[in-house]
Each structure stands twice: as structure tokens, then as C-alpha cells.
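Throughout, residue positions are numbered sequentially from 1 according to the sequence presented. Keep in mind that this is a model prediction, so the values were computed, not measured.
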Amino acid sequence: MADSSRTPLVAPRKAPKSWVDFAVMFRWMIVVPIVLPISFAFECRKRIRDWYSRRRSYESKEAEHQKNVETVQKRLRSRNASKDGLVCTARKPWLSVSMRNQDYKRARRFEVDLSDFRHILNIDKERLVARVEPFVSMAQLSAATVPMGLALAVVPELDDLTVGGLINGYGIEGSSHIYGLFQDIVLAYEIVLGDGTLVRATADNEYSDLYYAIPWSQGTLGMLVAAELQLIEIKPYMKVTYQPVRGSLREMGQAYWDCFCPRDGDQDNPEKVPDFVEGMIYTKNTGVMMTGDYVDAKEAKAHWGQVNECGWWYKPWFYQHAASALKRGEFVEYIPTRQWYHRHTRSLYWEGKLILPFGDNFLFRFFFGWMMPPKVSFLKLTQGDAIRNYYHERHMCQDMLVPVYRVGEALELNEREFEVYPIWLCPHRLYKVPQKGVMVTPEPGYEKHKRPGDTAAAQMYTDIGLYYAPGPVLRGEVYDGVSACKRMEQWLIQNHSFQALYAVTELTEKDFWVMFDQTLYRNCRVKYKAQGTFMGVYYKSAKGRKSEADVLREEKAAAEKERIQEV
């Protein structure tokens, strides 16, 4: 039920226009002639580099890897803790895909260059394991594995997302209702600790505590130099069913839940659970649910009229294509598997519509679509502080991870606070793990309720992606996005839900550690001597500039408070 206390008694007040509003409105005048060509050139360079990397032998790449690891170790060992700043990577803030300002990099810092860690070191077809370096991208991995009939068990959709970012932050995809988050397909981490020691952490070796503490830690426990990832065998096409749904937000949430969670609780039965699931809510009364299953080329060729090679530059943006089910009714088509994996890349989900309002026009797609998408890095580089702050206050780019049975309530929260549409829905298993005190865990005692989707090993959650301008902003009304975000975060805390840390957070430190469990993370910070070496995850995620002295002083106070509480 909507909160009537926030229903306006008078017409909403119009917001006065500033030069920033016009700069955002006409940003395409910079994006089209400058950002798109540079992005295309950058992508061409990257593809040539990736092609060359694939042609090199695993032995030569392993030798280079070992040499680079030794360089990182020497660099860390040369740090003078009393004179040098806190350790961070040398990557420029604008190169990150994250929406956060990364103000922590404006403080005094001790940089370590990891830019050469961008190779696929090995693909073991028998063990179904890929060993990769942290700057390997999803596009790079799918290009190497799909021709082999293999893929990562979880392939987050955007091309430029990297292994390191997905491990230290979080990653999800339409197969996560089976395999979990990106962190759950990692079999081993190779980490260089703050003192230069190289360790290999797995779920069952002496560094198992570090293995479970790394996810969501934002690189604040050590420097990731390699990871082993689970592969699965795949088929060349995805058979996709588009199902339109109409009704209230709660009714659409229930329809979404029903499309991948058997009511008899048989969640592990592949006959009842699709390989892929994705939902998109277009308005408060309409949405489209998509389910997909891998099929071989023979079946796709038998239905050649239903094959959709959606990855070509002149094709409609995928979210617009999916919305056609609202007029066509339910339909089925076959999409090449790799094109399906990266279906949202060209339009950056639907953010591209704000950046290029005419971007999905057929003429623009045909003549200029081959340059799409603009790289997020170059968009950030050309926006300046004023536009960057505008996006933080008057734009939503958030992922809420909520128990699947609360999806309807979360959709109502969006309608009440943001009115952001479309909405992306992607389910994922949140696994119980043997280590106590990990940052993100299922609800205590969830098994007792025996809800559809839940198993003894994991609770079913859903990522609710909000990536667009709020409705009041689009209507030109006065809107307090910061306060709305704070109310959203409190709702997440109250409902054992989580906020993705790539996004802007308004949480206080106290509330941050109510949302996330700090027990294992803080123990590993002490045990592996990360405290005083790497900035803590809260300070790395929080808004505002932090000096090294600020962070060390606040961490010391927090440690003292914890010591007093233990006594």
C-alpha cells in the first residue's frame, strides 16, 4: 500500500531550470561527435589487443603474469607505512564503470599499477575452469569461451565489466537463480596482501576465511591478481519466451516469481526451472517477463523465421524489442547465445535513451549505431563536477537485492519514492556458507517458511535495478533525490536487503554495518594486516572526500569502540 503521508496535497512545485539542466539535456552534442568516435576507437584497440592475447600461448602469458606479480610484491614491500599513503590501484577514477565519485583517490595514496593484468591465463576444458587476471572483461571472456561451447556460469551483461570489479563488488546475470552471484562461481582467489605476500584462497584451504571475506570488500583486503572461475557447457542459441504481464505492482511481482520458482518447491529440477530469467517493468501496470533455455543450432534452424540476431548495430535496442510483447502478446524467438549474453550493452540497458534521446531511431541506428555504446569511462571524463553531482542527486543508478517474496513491496517503494521506469528484475540465489559473519547472508530462519525458490542451501533473492531519471525530475518538479535514497536504504535494512556498493550510498557508518555484517571482514582486516594499509570498505564507498588522516583516525576510533564493547 502506498504511503499516503507522502501524497502531495497541492500540485508539485516546478524546479527552476539551471545551466546544468540544459547541459544534461543537450549532452548528446558532445557525445555524438566526440565520445562516440573515441569510444569506438578505444573498443577497436581493445579488440585487437584481446585478439592478440588469445593467440599467445598460455605458457607465455603465465610467465608474464608471474613477472607482473613479482613487480606488485616489490612495490608493496617498498611502501613506508609512516610516510606513504594508503594503498590503492593506479587506475584513474574515470576509467571505472562505477557511478561513485571515488573521492578516496583524491587523498594522499600509494598507487600500485595492475593495468597489465588483463589476460586469460588458462581455460581448462576438462575441469571447466578459467584462470584469469582481474582486468579481463566479460566481452573478452565470452569471445574466448563461447566458440568452445563453454561460458562462465554467470556472465554479467555489459561488455566492459571486469572480473576484478565483479569479485570485489558484485555481479549478477539471468542465470544467477541457478548459480548465485558472480562471487559464487569463483573457485580460488590469488591475492597479494599488504605486506607483499602472495596467497591462494579457496573454500577449504588455510585461507578460507579470506576466500569468504573477499566478495563485497571493494579491494580493501588485498590486491587480486588472478581468479579461477567455474565454466559450464552451453549450446549456440538461447530460446527466449517473452510473456507480457499487466496488473498492479504486486501482481506483476507475483507473475515474475512464478516464472522461475515452482510452487511445489522443486527448485533444482531443470525440467521446471529455465536456464535464464529476466523481467522488465515498463510502467506501474505493465511488464514483460523473459525466460530462456539453451538449444542447439538444429532446433534454431528449424525455426529460422524466429531467429533474432539482436547484437547487430542496426537492430532495435533490446529493451525496446522486448516491450513489443505488450502489443504482440506472448512470443518465442531464438537468439545466438553470445548476443544474448550482451543484449543490454549497446543501449547501456536504457540509460542510452537519456544520453541520446534519438539513439533508437532507425536512421541513427543504421548510420551511427556501429559506434555504440559510448564508453561509461569517457562519459564520466567529459561530464565535470557539476554534471556528476547532478546525476548523484537527480538520477538513479541503484541495485537493490531483496528476498524474492518482497519484490512487490520493493516495486511499490520505487513507485512511492522514485517512479523510475523501466525496472530490471534478475533473480539470484543467496547461498549459506560455512563461514560465519560474511557481509551478505540469507535471512535467519528463512528455511522454516518453505517459500517457492528457497532451498536448504540458499534463499532466493532478486536484484531490482533502477537506472534512469526519477519521474518527478522528468516532469521538471522539485525533487529531493538524496532523501529518497536514504528512505530506500532504511527500507532495505528493515527487510534484510542489500544495496550494491558500486552505487552512491547515503548510509552512515553505523547503518552501513547494520545492512552488512562486518564480523568476518573486520577479523580479516586485522589478521591479514589490511587495516592501516588499505582504506576500509565503508570509507571507500561513502560520499565525500576522505584524507588518509581522516580514515586512519576514524578506523582507530572504531577499533577502540569495538575493543571496549568486547571487554
Side-chain angles (χ1 to χ4, degrees), residues 27-28 31-32 35-36 39-40 43 138-139 142 146 155-160 173-174 236-246 252 276-283 285-293 295 300 303-376 379 420-426 465-469 474:
R27 198 171 173 204
W28 60 268
V31 171
V32 173
V35 176
L36 279 182
S39 297
F40 179 72
E43 179 64 19
M138 292 300 99
S142 64
V146 169
V155 188
E157 285 86 355
L158 298 184
D159 285 10
D160 290 341
E173 186 226 13
Y237 283 87
M238 186 67 65
K239 179 182 178 182
V240 183
T241 301
Y242 300 81
Q243 178 186 357
V245 293
R246 290 178 172 84
M252 289 192 288
F276 271 77
V277 177
E278 180 176 66
M280 285 187 274
I281 306 296
Y282 291 93
T283 71
N285 300 117
T286 60
V288 175
M289 305 304 156
M290 288 154 283
T291 56
D293 291 288
V295 297
H303 301 83
W304 201 247
Q306 295 172 270
V307 172
N308 177 17
E309 295 190 358
C310 65
W312 288 100
W313 78 89
Y314 53 83
K315 289 280 190 172
W317 288 353
F318 183 79
Y319 83 97
Q320 299 277 40
H321 169 68
S324 67
L326 294 169
K327 293 183 178 178
R328 296 172 58 180
E330 182 173 321
F331 68 96
V332 175
E333 65 183 12
Y334 297 81
I335 299 177
T337 294
R338 186 162 185 260
Q339 293 187 19
W340 169 258
Y341 286 152
H342 302 294
R343 60 198 177 278
H344 291 301
T345 291
R346 273 192 302 124
S347 59
L348 299 175
Y349 286 89
W350 28 87
E351 291 275 22
K353 186 70 173 177
L354 283 177
I355 301 166
L356 298 170
F358 45 79
D360 200 36
N361 176 276
F362 172 76
L363 292 176
F364 181 87
R365 290 200 316 266
F366 188 82
F367 290 106
F368 302 102
W370 48 274
M371 289 191 290
M372 290 290 288
K375 294 287 185 184
V376 174
L379 289 172
V420 166
Y421 296 99
I423 300 171
W424 187 59
L425 301 178
C426 185
L466 306 177
Y467 324 124
Y468 211 64
L474 294 175

For the residue pair Val277 and Cys426, establish whether any side-chain heavy-atom pair is separated by less than 4.5 Å.
no

Among Tyr237, Tyr334, Phe318, which residue satisfies the ring-ring contact (aromatic ring centres under 6.0 Å, His included) criterion with Trp340?
Phe318

Quick one: closest heavy-atom pair of Pro374 and Val31, and the distance?
CB-CG1, 4.3 Å

Should we count CZ of Phe331 as having more than 12 external heavy atoms under 6.0 Å?
yes

Any side-chain heavy-atom pair from Val240 and Val332 closer than 4.5 angstrom?
no

Arg346 side-chain N/O to Lys315 backbone N/O, donor-acceptor pair under 3.5 Å:
yes

Salt bridge check, Asp360 against Lys353: does any charged N sit closer than 4.0 Å to a carboxylate O?
no

Considering non-hydrogen atoms only, spot the tightest contact between Gly174 and Glu157 and give its length.
N-OE2, 3.9 Å

Using modelled atom types only, decide if a donor and an acceptor are shared between the side chain of Arg343 and the backbone of Tyr349 within a distance under 3.5 Å.
no

Scanning both residues in full, the closest heavy-atom pair of His342 with Asp159 reads ND1-OD1, 2.9 Å

Tightest non-hydrogen contact, residues Leu158 and Thr345, listed as CA-OG1, 3.5 Å

Taking all non-hydrogen atoms of both residues, which atom of Leu326 and which atom of Gly287 are closest, and how far apart?
CD2-O, 3.5 Å

Among Tyr421, Trp317, Tyr319, Trp424, ring-ring contact (aromatic ring centres under 6.0 Å, His included) partner for Trp350:
Tyr319

With no hydrogens and no angle check, is any side-chain donor or acceptor of Gln339 less than 3.5 Å from a backbone partner on Cys310?
yes

What do the steps show when you test Glu173 against Tyr341 for side-chain hydrogen bond (donor to acceptor under 3.5 Å, both in side chains), and what is the final call?
CA-CA 9 Å; Glu173 186 226 13; Tyr341 286 152; 5.7 Å; no

For Met238 against Thr337, the heavy-atom pair lying closest together
N-OG1, 3.9 Å

Under a 4.0 Å threshold between the charged nitrogen and the carboxylate oxygen, would Lys239 count as salt-bridged to Glu333?
no

Are any non-hydrogen side-chain atoms of Ile281 and Met289 less than 4.5 angstrom apart?
yes

Does Lys375 come within less than 4.0 Å of Glu43, counting only side-chain N to carboxylate O?
yes

For the pair Trp313 (side chain) and Phe366 (backbone), establish whether a donor and an acceptor sit closer than 3.5 Å, ignoring hydrogens and angles.
yes

Is Met280 close to Met290 at the side-chain level, that is, under 4.5 Å between some pair of heavy atoms?
yes

Ignoring hydrogens and angles, state whether a donor on the side chain of Arg246 or Thr286 is under 3.5 Å from an acceptor on the partner side chain.
no

